[in-house]
Amino acid sequence: MDSLNALIGVETPLEVVASTLRAFAEGVGASAVGAYQVFCSDETECTCSDALDRQFVARLLPDLKPGRCGAFHTVNLGARYEWGAVRVAEEHFATPAACEGFKFLLVKVNAHAAVQPTADGWEYGWLQRYGKESACCGALAGLFEGSLLPAIVELREMFAFGGLNRLGMLADPRLVEPRYRALYTAIVSAQLQSMRVARDIQEFRPASATVFLIVPCVTLNRPGPDSEIVVGQYGIDYTSTKADTRYAGLGNDPTGYRIRYDADRARIVDEQWCPDGRRA
Ligand SMILES: [Zn+2]
C-alpha cells in the first residue's frame, strides 16, 4: 500500500507504475489474480496498455491460451467506465484457483493528456501526430468545444456529478491556468470514472471472494517515452458479505490541485488528498 501511495500525484515511468502494481498484487496473498483495464480509444494509449500487459498481466494472470494471458478491457472515447463491466470481469476471473481462497482484481482506469515543452514550461493537451498538431485527449478536449457526440455528452454528465460545475472551473483561467487544463481535466475524469467502478462493485455480490484495487491514472503522452500519474486508489475488500471500501488519493475538484516540477517531472498536490484513506 505504501509503495503505491508514494506514486500518487507523481509523474512516474509506465513500467514502474505497472511493476509497483504487480508487487502490490503479489503481496496480498490472493490465490488468483485478474485485471480489467479501461482506457481511451486514442492509439497513443498503446504504450500504457502494453506496459501493464508486460509487467502485470503476462506474469500474474491465468493462461487464456497456452502462453497467452489477457486482461478484460473497455476501450472507448474518453475512457468511460461501462456500468456492469466490472461484474463480468469479476465473474470471468472467479476461477477454481480463485475459489480456493480469495482473488485480487486490479481495475486500472486511464485518462490521458499529451504534454509538450514550450519556451516557458510545460503545456498539456496537444501533440505532433503524424506531422500535424492534434488534440490529445481529443475526447476530453471536446468537453470544452461544445461537442454533442454521445461519448462527450456522457462525459459531461459525469463532470457535473454531485452538482459541482467542474467544467466551468476548468475553463475559468482565474481558477485553472489554461496550459494545465488538459492535465487537470484528465485527473478529474479518471477519478470520477473510478468512483463509478467502486459504486458498481458496492451494488453487486461477487461470484467469489475478492479484494478489488481500483487505480485511476493519467497517461502523459510525451515526446519521448510516456509516463503516468497515479491519481489515487480505491481498495475494496469484498471477502465477506459486505464491501469495505477505502479511498486514498487526489480529489475531483480541480481547484484543489497545484503542480510542481522535479527535474521536468510533474508532481500534483491536492488539498483534498487524504493519505491514510477514508471510507468511500
Ligand atoms: Zn483520448
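Just so you know, these numbers use all the heavy atoms, side chains as well, and skip hydrogens, waters and symmetry mates. When a ligand or atom number is given, it counts from 1 through the structure's own listing order.
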- Query: Does Gln191 use its side chain to pair, donor to acceptor, with the backbone of Val231 at less than 3.5 Å?
  - Reply: no
Requested in this report: Would you kindly say whether Asn110 and Glu228 are connected by a side-chain donor-acceptor distance under 3.5 Å?
Outcome: yes
**Asked** Without hydrogens or angle criteria, can the side chains of Gln55 and Ser19 be said to hold a donor-acceptor pair below 3.5 Å?
**Response** no
Exactly one of Leu106, Val197, Leu7 clears side chain to side chain contact (heavy atoms under 4.5 Å, CB included) with Val215, and that residue is Leu106
Given a cut-off of 2.8 Å, the protein N, O or S atoms lying below it from the Zn ion (ligand 1) are Cys40 SG, His112 NE2, Cys137 SG
Counting the benzene-type ring for Trp, do His92 and Tyr36 have ring centres under 6.0 Å apart? no
The residue among Thr219, Asn221, Thr47 that forms side chain to side chain donor-acceptor pair (under 3.5 Å) with His112 is Asn221
